[in-house]
There are 2 protein chains.
Amino acid sequence: MASIDEKDEEILKELRKNGRATLTELGRKIGLSPASIKNRIEKLESLGAIKGYSAIVDPAFLNEFIQAIIEVELLVDNEAVDRMLYNISRLDNVIGVYRKTGEFQILIRANFKDVPQLKEFVKSLSVKYLGKNMKRAKVSVIMDTFKEGGVIMQERKTRRRRRR
Amino acid sequence: MASIDEKDEEILKELRKNGRATLTELGRKIGLSPASIKNRIEKLESLGAIKGYSAIVDPAFLNEFIQAIIEVELLVDNEAVDRMLYNISRLDNVIGVYRKTGEFQILIRANFKDVPQLKEFVKSLSVKYLGKNMKRAKVSVIMDTFKEGGVIMQERKTRRRRRR
DNA sequence: GCTGAAATTCTGGAGTG
DNA sequence: CACTCCAGAATTTCAGC
(Lines give C-alpha, C1' and ligand atoms only; values in the text may rest on other atoms or scores of the structure.)
Protein backbone atom coordinates (compact mmCIF):
# COMPACT_ATOMS: atom_id res chain seq x y z
CA MET A 1 0.00 0.00 0.00
CA ALA A 2 1.43 3.35 -0.87
CA SER A 3 1.29 7.09 -0.62
CA ILE A 4 -2.25 7.74 0.56
CA ASP A 5 -2.56 10.89 2.62
CA GLU A 6 -5.36 12.72 4.42
CA LYS A 7 -6.59 14.48 1.30
CA ASP A 8 -6.72 11.24 -0.64
CA GLU A 9 -8.83 9.67 2.07
CA GLU A 10 -11.21 12.60 1.98
CA ILE A 11 -11.56 12.17 -1.77
CA LEU A 12 -12.32 8.47 -1.37
CA LYS A 13 -14.92 9.09 1.32
CA GLU A 14 -16.53 11.88 -0.65
CA LEU A 15 -16.67 9.88 -3.87
CA ARG A 16 -18.10 6.92 -2.01
CA LYS A 17 -20.99 9.13 -0.91
CA ASN A 18 -21.37 10.98 -4.20
CA GLY A 19 -19.71 9.25 -7.13
CA ARG A 20 -20.73 12.00 -9.51
CA ALA A 21 -19.26 14.87 -7.53
CA THR A 22 -17.51 17.27 -9.84
CA LEU A 23 -13.78 17.97 -9.59
CA THR A 24 -14.59 21.56 -8.70
CA GLU A 25 -16.98 20.54 -5.93
CA LEU A 26 -14.44 18.12 -4.50
CA GLY A 27 -11.78 20.80 -4.72
CA ARG A 28 -13.88 23.29 -2.80
CA LYS A 29 -14.80 20.75 -0.13
CA ILE A 30 -11.27 19.46 0.37
CA GLY A 31 -9.30 22.59 -0.28
CA LEU A 32 -7.44 21.83 -3.47
CA SER A 33 -7.64 23.01 -7.06
CA PRO A 34 -9.66 20.93 -9.51
CA ALA A 35 -6.44 20.02 -11.31
CA SER A 36 -4.95 18.53 -8.15
CA ILE A 37 -8.12 16.61 -7.44
CA LYS A 38 -7.92 15.22 -10.94
CA ASN A 39 -4.31 14.13 -10.51
CA ARG A 40 -5.10 12.48 -7.19
CA ILE A 41 -8.14 10.67 -8.54
CA GLU A 42 -6.10 9.31 -11.43
CA LYS A 43 -3.48 8.15 -8.96
CA LEU A 44 -6.14 6.52 -6.77
CA GLU A 45 -7.62 4.76 -9.78
CA SER A 46 -4.30 3.38 -10.97
CA LEU A 47 -3.43 2.27 -7.42
CA GLY A 48 -6.68 0.32 -7.36
CA ALA A 49 -8.10 2.34 -4.49
CA ILE A 50 -11.04 3.28 -6.73
CA LYS A 51 -12.39 0.23 -8.54
CA GLY A 52 -15.10 2.01 -10.47
CA TYR A 53 -18.20 4.13 -10.27
CA SER A 54 -21.78 3.01 -10.03
CA ALA A 55 -25.28 4.40 -9.88
CA ILE A 56 -27.52 2.93 -7.21
CA VAL A 57 -30.55 1.88 -9.21
CA ASP A 58 -33.91 0.66 -7.91
CA PRO A 59 -34.09 -2.74 -9.63
CA ALA A 60 -37.89 -2.53 -9.90
CA PHE A 61 -37.45 0.07 -12.64
CA LEU A 62 -35.54 -2.51 -14.66
CA ASN A 63 -38.35 -5.02 -14.11
CA GLU A 64 -36.22 -6.84 -11.58
CA PHE A 65 -38.71 -7.33 -8.79
CA ILE A 66 -36.84 -10.01 -6.87
CA GLN A 67 -33.66 -8.97 -5.11
CA ALA A 68 -31.97 -12.05 -3.76
CA ILE A 69 -29.05 -13.07 -1.63
CA ILE A 70 -27.70 -16.48 -2.60
CA GLU A 71 -25.24 -18.15 -0.27
CA VAL A 72 -23.36 -21.18 -1.52
CA GLU A 73 -21.67 -23.88 0.45
CA LEU A 74 -18.73 -25.36 -1.41
CA LEU A 75 -17.37 -28.88 -1.24
CA VAL A 76 -13.96 -27.71 -2.36
CA ASP A 77 -12.67 -24.18 -2.73
CA ASN A 78 -9.71 -23.79 -5.02
CA GLU A 79 -8.40 -21.57 -7.79
CA ALA A 80 -10.83 -23.06 -10.27
CA VAL A 81 -13.61 -21.57 -8.18
CA ASP A 82 -12.10 -18.14 -8.79
CA ARG A 83 -12.68 -18.47 -12.53
CA MET A 84 -16.21 -19.71 -11.95
CA LEU A 85 -16.99 -16.79 -9.67
CA TYR A 86 -15.54 -14.42 -12.21
CA ASN A 87 -17.89 -15.83 -14.84
CA ILE A 88 -20.83 -15.40 -12.51
CA SER A 89 -19.71 -11.82 -11.90
CA ARG A 90 -20.07 -11.02 -15.58
CA LEU A 91 -23.83 -11.50 -15.53
CA ASP A 92 -25.65 -8.19 -15.70
CA ASN A 93 -28.21 -9.06 -13.04
CA VAL A 94 -25.49 -9.99 -10.56
CA ILE A 95 -24.63 -7.02 -8.35
CA GLY A 96 -22.10 -8.51 -5.95
CA VAL A 97 -19.99 -11.65 -5.55
CA TYR A 98 -17.96 -12.37 -2.42
CA ARG A 99 -15.94 -15.14 -0.83
CA LYS A 100 -16.34 -15.16 2.92
CA THR A 101 -15.87 -17.08 6.12
CA GLY A 102 -18.58 -19.26 7.58
CA GLU A 103 -20.64 -22.26 6.68
CA PHE A 104 -21.49 -20.78 3.28
CA GLN A 105 -18.34 -19.56 1.63
CA ILE A 106 -19.86 -17.65 -1.27
CA LEU A 107 -22.37 -14.82 -1.19
CA ILE A 108 -24.04 -13.49 -4.33
CA ARG A 109 -26.29 -10.44 -4.62
CA ALA A 110 -28.45 -10.66 -7.74
CA ASN A 111 -31.72 -9.34 -9.13
CA PHE A 112 -34.41 -11.22 -11.01
CA LYS A 113 -37.53 -10.51 -12.97
CA ASP A 114 -39.53 -13.17 -11.13
CA VAL A 115 -39.21 -16.27 -9.02
CA PRO A 116 -38.81 -18.72 -11.93
CA GLN A 117 -35.84 -16.70 -13.13
CA LEU A 118 -34.35 -16.85 -9.64
CA LYS A 119 -34.94 -20.58 -9.54
CA GLU A 120 -33.31 -20.95 -12.93
CA PHE A 121 -30.28 -18.99 -11.73
CA VAL A 122 -29.81 -21.14 -8.65
CA LYS A 123 -30.03 -24.21 -10.82
CA SER A 124 -27.45 -22.81 -13.24
CA LEU A 125 -25.06 -22.28 -10.35
CA SER A 126 -24.65 -26.03 -9.93
CA VAL A 127 -25.32 -27.08 -13.51
CA LYS A 128 -23.34 -24.45 -15.38
CA TYR A 129 -21.01 -22.51 -13.13
CA LEU A 130 -19.85 -24.31 -10.02
CA GLY A 131 -20.53 -27.93 -10.90
CA LYS A 132 -19.38 -30.44 -8.33
CA ASN A 133 -17.74 -27.72 -6.26
CA MET A 134 -21.16 -26.66 -5.03
CA LYS A 135 -22.73 -28.52 -2.17
CA ARG A 136 -25.88 -26.50 -1.57
CA ALA A 137 -27.32 -23.01 -1.73
CA LYS A 138 -29.39 -20.92 0.63
CA VAL A 139 -31.58 -18.20 -0.84
CA SER A 140 -32.96 -15.11 0.89
CA VAL A 141 -35.09 -12.37 -0.63
CA ILE A 142 -34.45 -8.74 0.18
CA MET A 143 -37.55 -6.99 1.45
CA ASP A 144 -36.18 -3.55 2.24
CA THR A 145 -33.02 -1.64 1.49
CA PHE A 146 -31.88 1.08 3.90
CA LYS A 147 -28.42 1.65 2.52
CA GLU A 148 -26.58 0.30 -0.47
CA GLY A 149 -23.16 1.02 -1.86
CA GLY A 150 -22.67 3.66 0.81
CA VAL A 151 -25.79 5.52 -0.33
CA ILE A 152 -28.71 5.91 2.06
CA MET A 153 -32.07 5.32 0.46
CA GLN A 154 -34.16 8.45 0.91
CA GLU A 155 -37.44 6.69 0.22
CA ARG A 156 -38.48 5.25 3.57
CA LYS A 157 -40.61 2.15 3.74
CA THR A 158 -42.93 3.88 6.19
CA ARG A 159 -44.52 6.41 3.92
CA ARG A 160 -44.47 10.03 4.96
CA ARG A 161 -47.77 11.16 6.40
CA ARG A 162 -49.92 13.20 4.12
CA ARG A 163 -50.40 16.89 4.79
CA ARG A 164 -53.92 17.90 5.73
CA MET B 1 -44.30 2.75 -11.42
CA ALA B 2 -44.43 5.07 -14.37
CA SER B 3 -43.22 6.11 -17.77
CA ILE B 4 -39.98 4.16 -18.12
CA ASP B 5 -39.12 3.32 -21.70
CA GLU B 6 -36.34 1.44 -23.48
CA LYS B 7 -33.98 4.44 -23.52
CA ASP B 8 -34.46 5.02 -19.81
CA GLU B 9 -33.57 1.41 -19.10
CA GLU B 10 -30.43 1.75 -21.18
CA ILE B 11 -29.46 4.81 -19.18
CA LEU B 12 -29.99 2.96 -15.89
CA LYS B 13 -27.95 -0.03 -17.03
CA GLU B 14 -25.18 2.17 -18.36
CA LEU B 15 -24.99 4.31 -15.22
CA ARG B 16 -24.98 1.20 -13.06
CA LYS B 17 -21.84 0.06 -14.87
CA ASN B 18 -20.24 3.51 -15.09
CA GLY B 19 -21.71 6.03 -12.70
CA ARG B 20 -19.41 8.78 -13.95
CA ALA B 21 -20.28 8.44 -17.60
CA THR B 22 -20.68 11.86 -19.15
CA LEU B 23 -23.97 13.06 -20.64
CA THR B 24 -22.27 13.23 -24.01
CA GLU B 25 -20.98 9.65 -23.77
CA LEU B 26 -24.39 8.38 -22.73
CA GLY B 27 -25.97 10.33 -25.57
CA ARG B 28 -23.66 8.79 -28.15
CA LYS B 29 -24.16 5.27 -26.80
CA ILE B 30 -27.94 5.51 -26.56
CA GLY B 31 -28.68 7.78 -29.47
CA LEU B 32 -29.97 10.93 -27.83
CA SER B 33 -28.69 14.44 -27.37
CA PRO B 34 -26.89 15.28 -24.12
CA ALA B 35 -29.76 17.57 -23.17
CA SER B 36 -32.28 14.77 -23.50
CA ILE B 37 -30.10 12.46 -21.46
CA LYS B 38 -29.98 15.10 -18.78
CA ASN B 39 -33.75 15.51 -18.76
CA ARG B 40 -34.22 11.74 -18.51
CA ILE B 41 -31.69 11.36 -15.72
CA GLU B 42 -33.42 14.11 -13.74
CA LYS B 43 -36.71 12.34 -14.28
CA LEU B 44 -35.19 9.01 -13.20
CA GLU B 45 -33.75 10.62 -10.08
CA SER B 46 -37.02 12.24 -9.06
CA LEU B 47 -38.90 9.00 -9.72
CA GLY B 48 -36.51 7.26 -7.37
CA ALA B 49 -35.16 4.96 -10.05
CA ILE B 50 -31.68 6.35 -9.36
CA LYS B 51 -31.01 6.50 -5.62
CA GLY B 52 -27.55 7.98 -5.85
CA TYR B 53 -24.04 7.54 -7.17
CA SER B 54 -21.11 5.84 -5.54
CA ALA B 55 -17.47 5.08 -6.10
CA ILE B 56 -16.42 1.51 -5.43
CA VAL B 57 -13.50 1.99 -3.04
CA ASP B 58 -11.05 -0.63 -1.81
CA PRO B 59 -11.57 -0.28 1.96
CA ALA B 60 -7.95 -1.17 2.67
CA PHE B 61 -6.96 2.27 1.38
CA LEU B 62 -9.11 3.80 4.11
CA ASN B 63 -7.41 1.59 6.68
CA GLU B 64 -10.51 -0.57 6.85
CA PHE B 65 -8.93 -3.99 6.71
CA ILE B 66 -11.90 -6.00 7.92
CA GLN B 67 -14.90 -6.21 5.63
CA ALA B 68 -17.72 -7.88 7.47
CA ILE B 69 -21.20 -9.20 6.92
CA ILE B 70 -23.30 -9.02 10.06
CA GLU B 71 -26.60 -10.86 10.08
CA VAL B 72 -29.03 -10.13 12.88
CA GLU B 73 -31.87 -12.25 14.17
CA LEU B 74 -34.66 -10.13 15.59
CA LEU B 75 -37.05 -11.01 18.36
CA VAL B 76 -39.62 -8.54 17.06
CA ASP B 77 -39.60 -6.67 13.78
CA ASN B 78 -41.75 -3.55 13.73
CA GLU B 79 -41.66 0.04 12.58
CA ALA B 80 -39.36 1.02 15.43
CA VAL B 81 -36.76 -1.26 13.84
CA ASP B 82 -36.96 0.89 10.72
CA ARG B 83 -35.72 3.93 12.62
CA MET B 84 -32.97 1.89 14.25
CA LEU B 85 -31.81 0.56 10.89
CA TYR B 86 -31.87 4.06 9.50
CA ASN B 87 -29.59 5.21 12.30
CA ILE B 88 -27.22 2.34 11.61
CA SER B 89 -27.26 3.32 7.94
CA ARG B 90 -25.89 6.74 8.77
CA LEU B 91 -22.57 5.34 9.98
CA ASP B 92 -19.81 6.01 7.48
CA ASN B 93 -18.29 2.56 7.71
CA VAL B 94 -21.62 0.90 6.99
CA ILE B 95 -21.95 0.15 3.27
CA GLY B 96 -25.26 -1.68 3.10
CA VAL B 97 -28.28 -2.39 5.31
CA TYR B 98 -31.05 -4.76 4.25
CA ARG B 99 -34.14 -6.45 5.64
CA LYS B 100 -34.56 -9.93 4.25
CA THR B 101 -36.30 -13.26 4.57
CA GLY B 102 -34.77 -16.13 6.51
CA GLU B 103 -33.63 -16.95 9.99
CA PHE B 104 -31.65 -13.71 10.21
CA GLN B 105 -33.84 -10.83 9.11
CA ILE B 106 -31.22 -8.10 8.90
CA LEU B 107 -28.02 -8.05 6.89
CA ILE B 108 -25.39 -5.35 7.29
CA ARG B 109 -22.28 -4.82 5.20
CA ALA B 110 -19.70 -2.78 7.07
CA ASN B 111 -15.97 -2.14 7.15
CA PHE B 112 -13.66 -1.92 10.16
CA LYS B 113 -10.12 -0.95 10.98
CA ASP B 114 -9.52 -4.07 13.02
CA VAL B 115 -11.24 -6.86 14.88
CA PRO B 116 -11.75 -4.93 18.14
CA GLN B 117 -13.61 -2.27 16.20
CA LEU B 118 -15.78 -4.95 14.60
CA LYS B 119 -16.44 -6.44 18.02
CA GLU B 120 -17.35 -3.02 19.35
CA PHE B 121 -19.78 -2.50 16.49
CA VAL B 122 -21.55 -5.81 17.07
CA LYS B 123 -21.85 -4.93 20.73
CA SER B 124 -23.27 -1.52 19.89
CA LEU B 125 -25.93 -3.17 17.77
CA SER B 126 -27.58 -4.62 20.84
CA VAL B 127 -26.54 -1.98 23.36
CA LYS B 128 -27.13 1.18 21.35
CA TYR B 129 -29.15 0.52 18.22
CA LEU B 130 -31.46 -2.48 18.35
CA GLY B 131 -31.79 -3.10 22.06
CA LYS B 132 -34.19 -5.81 23.03
CA ASN B 133 -35.28 -6.26 19.43
CA MET B 134 -32.05 -8.10 18.73
CA LYS B 135 -31.79 -11.76 19.56
CA ARG B 136 -28.37 -12.62 18.19
CA ALA B 137 -25.92 -11.80 15.43
CA LYS B 138 -23.83 -13.88 13.07
CA VAL B 139 -20.65 -12.36 11.69
CA SER B 140 -18.76 -13.34 8.55
CA VAL B 141 -15.61 -11.77 7.17
CA ILE B 142 -15.22 -11.11 3.45
CA MET B 143 -12.08 -12.65 2.05
CA ASP B 144 -12.41 -11.81 -1.62
CA THR B 145 -14.58 -9.50 -3.69
CA PHE B 146 -15.28 -10.40 -7.31
CA LYS B 147 -18.02 -7.90 -8.01
CA GLU B 148 -19.51 -5.10 -5.99
CA GLY B 149 -22.16 -2.54 -6.81
CA GLY B 150 -22.34 -3.90 -10.34
CA VAL B 151 -18.62 -3.24 -10.87
CA ILE B 152 -16.30 -6.17 -11.56
CA MET B 153 -13.04 -5.99 -9.67
CA GLN B 154 -10.20 -5.98 -12.17
CA GLU B 155 -7.61 -6.98 -9.61
CA ARG B 156 -7.82 -10.76 -9.44
CA LYS B 157 -6.88 -12.61 -6.28
CA THR B 158 -4.64 -14.91 -8.29
CA ARG B 159 -1.91 -12.50 -9.16
CA ARG B 160 -0.91 -12.15 -12.77
CA ARG B 161 2.26 -14.09 -13.52
CA ARG B 162 5.38 -12.03 -13.76
CA ARG B 163 7.03 -11.54 -17.12
CA ARG B 164 10.42 -13.16 -17.46
C1' DG C 1 -36.32 15.87 -27.83
C1' DC C 2 -33.58 19.04 -30.42
C1' DT C 3 -30.80 23.22 -31.19
C1' DG C 4 -27.73 26.86 -29.97
C1' DA C 5 -25.65 29.94 -26.89
C1' DA C 6 -24.00 30.93 -22.25
C1' DA C 7 -22.08 29.13 -17.98
C1' DT C 8 -19.43 25.83 -15.86
C1' DT C 9 -16.19 22.39 -15.73
C1' DC C 10 -12.36 19.89 -17.43
C1' DT C 11 -7.72 19.49 -19.08
C1' DG C 12 -2.82 19.97 -19.98
C1' DG C 13 1.14 22.76 -19.72
C1' DA C 14 3.94 26.35 -17.63
C1' DG C 15 5.35 28.32 -13.52
C1' DT C 16 6.05 28.48 -8.25
C1' DG C 17 7.34 27.10 -3.59
C1' DC D 1 7.12 17.00 -6.64
C1' DA D 2 2.68 18.36 -5.69
C1' DC D 3 0.17 22.41 -6.22
C1' DT D 4 -1.77 26.45 -8.53
C1' DC D 5 -2.80 29.22 -12.35
C1' DC D 6 -4.37 29.90 -16.79
C1' DA D 7 -6.15 29.38 -21.45
C1' DG D 8 -8.33 26.38 -24.77
C1' DA D 9 -11.47 22.44 -25.15
C1' DA D 10 -15.25 19.92 -23.71
C1' DT D 11 -19.25 19.48 -21.23
C1' DT D 12 -23.23 21.02 -18.95
C1' DT D 13 -27.16 23.84 -18.66
C1' DC D 14 -31.08 26.34 -20.04
C1' DA D 15 -34.05 28.71 -23.19
C1' DG D 16 -36.92 28.43 -27.05
C1' DC D 17 -38.85 25.71 -30.57
Side-chain angles (χ1 to χ4, degrees), chain A residues 1-63 149-155, chain B residues 1-64 149-152 154-155:
Chain A
M1 206 79 34
S3 51
I4 296 295
D5 66 9
E6 241 302 308
K7 304 276 190 190
D8 288 324
E9 290 185 13
E10 287 186 64
I11 293 174
L12 292 179
K13 286 179 185 169
E14 208 52 52
L15 280 177
R16 189 154 68 172
K17 281 191 285 194
N18 177 13
R20 254 183 118 72
T22 191
L23 299 182
T24 313
E25 286 172 334
L26 292 169
R28 261 194 294 270
K29 201 163 289 189
I30 293 170
L32 287 175
S33 71
S36 294
I37 298 286
K38 181 177 190 287
N39 286 335
R40 281 168 176 270
I41 287 181
E42 282 170 358
K43 184 190 68 180
L44 291 168
E45 285 172 347
S46 70
L47 280 174
I50 298 174
K51 302 292 190 182
Y53 304 89
S54 177
I56 313 299
V57 173
D58 182 342
F61 285 85
L62 289 170
N63 290 321
V151 176
I152 296 177
M153 306 288 113
Q154 38 270 54
E155 186 204 0
Chain B
M1 205 80 34
S3 52
I4 296 295
D5 67 8
E6 242 300 309
K7 303 278 190 188
D8 289 324
E9 289 185 13
E10 287 186 64
I11 293 174
L12 292 179
K13 286 179 184 168
E14 207 53 51
L15 280 177
R16 191 155 66 171
K17 280 191 287 196
N18 177 14
R20 255 182 117 73
T22 192
L23 299 182
T24 315
E25 286 172 334
L26 292 169
R28 259 195 296 273
K29 201 162 291 189
I30 292 170
L32 289 174
S33 71
S36 296
I37 298 285
K38 181 178 190 290
N39 288 336
R40 281 167 176 270
I41 287 181
E42 282 171 356
K43 183 190 67 179
L44 291 168
E45 285 172 348
S46 70
L47 279 174
I50 298 174
K51 302 292 191 183
Y53 304 89
S54 176
I56 313 299
V57 173
D58 183 341
F61 285 84
L62 289 171
N63 291 320
E64 300 173 327
V151 176
I152 297 177
Q154 39 270 54
E155 185 204 358

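For clarity, every value in this text was computed on a predicted model and none was experimentally measured. Every chain is numbered from 1 and lettered A, B, ... according to where its sequence line falls, protein lines coming before strand lines.
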Kindly point out which of D:dT4, C:dC10, D:dT13 is positioned nearest to the side chain of B:Leu23?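 Between D:dT4, C:dC10, D:dT13, the one nearest the side chain of B:Leu23 would be D:dT13.
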Would you mind telling me which residue lines up with the more 5' stretch of DNA chain D, B:Asn39 or B:Glu25, judged by nearest nucleotide?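 Closest to the 5' end, via its nearest nucleotide, is B:Glu25.
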Would you mind reading off the distance between B:Lys38 atom NZ and C:dA7 atom P, rounded to a whole angstrom?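 These atoms are roughly 16 Å apart.
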For atom CD1 of B:Ile41 and atom P of D:dT12, their distance in whole Å: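 Distance, rounded to whole Å: 9 Å.
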Pairwise side-chain contact, A:Met153 with A:Asp58, heavy-atom cut-off 4.5 Å (strictly under):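 No; the side chains remain at least 4.5 Å from each other.
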Would you indicate what B:Thr24 reaches in the nucleic acid, counting non-hydrogen atoms under 4.0 angstrom: base, sugar-phosphate, or nothing?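 Sugar-phosphate contact only - B:Thr24 comes under 4.0 Å of backbone atoms but never of a base.
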May I have the distance from A:Ile37 (atom CD1) to D:dC3 (atom C1'), rounded to whole angstrom?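 Rounded to the whole Å, the gap is 11 Å.
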Apply side chain to side chain contact (heavy atoms under 4.5 Å, CB included) to A:Leu44 and A:Leu15, showing your working. CA-CA 11 Å; A:Leu44 291 168; A:Leu15 280 177; over 6 Å; no
Counting just side-chain N and O atoms, does B:Ser36 come under 4.0 Å of either OP1 or OP2 of C:dC2?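 Yes.
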For the side chain of A:Thr22, counting heavy atoms from C-beta on, which of D:dT12, C:dC10, C:dT3 is nearest?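 In terms of side-chain proximity for A:Thr22, the closest of D:dT12, C:dC10, C:dT3 is C:dC10.
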A:Arg20 has an atom CZ; how far is it from atom C1' of C:dT8, in whole Å?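 Answer to the nearest Å: 15 Å.
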Should A:Ile37 and A:Lys29 count as side-chain neighbours, where that means a heavy-atom distance under 4.5 Å?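 Answer no - side chains too far apart.
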Between atom CZ in B:Arg28 and atom P in D:dT12, what is the gap in whole Å?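 Interatomic distance, CZ of B:Arg28 to P of D:dT12: 10 Å.
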Can you tell me which residue among A:Asn18, A:Ile41, A:Leu32 is in a side chain to side chain contact (heavy atoms under 4.5 Å, CB included) with A:Leu26?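 By the side chain to side chain contact (heavy atoms under 4.5 Å, CB included) criterion, A:Leu26 pairs with just one of A:Asn18, A:Ile41, A:Leu32: A:Ile41.
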Whole angstroms only, please: what is the CG-P distance between A:Leu32 and D:dC1?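 It works out to 19 Å between those atoms.
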Quick one: which of D:dT11, C:dT9, D:dC14 gets closest to the side chain of B:Ala35?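 Nucleotide nearest to B:Ala35's side chain: D:dC14.
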May I have the distance from A:Arg40 (atom CZ) to C:dT11 (atom P), rounded to whole angstrom?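 One finds 17 Å between P of C:dT11 and CZ of A:Arg40, rounded.
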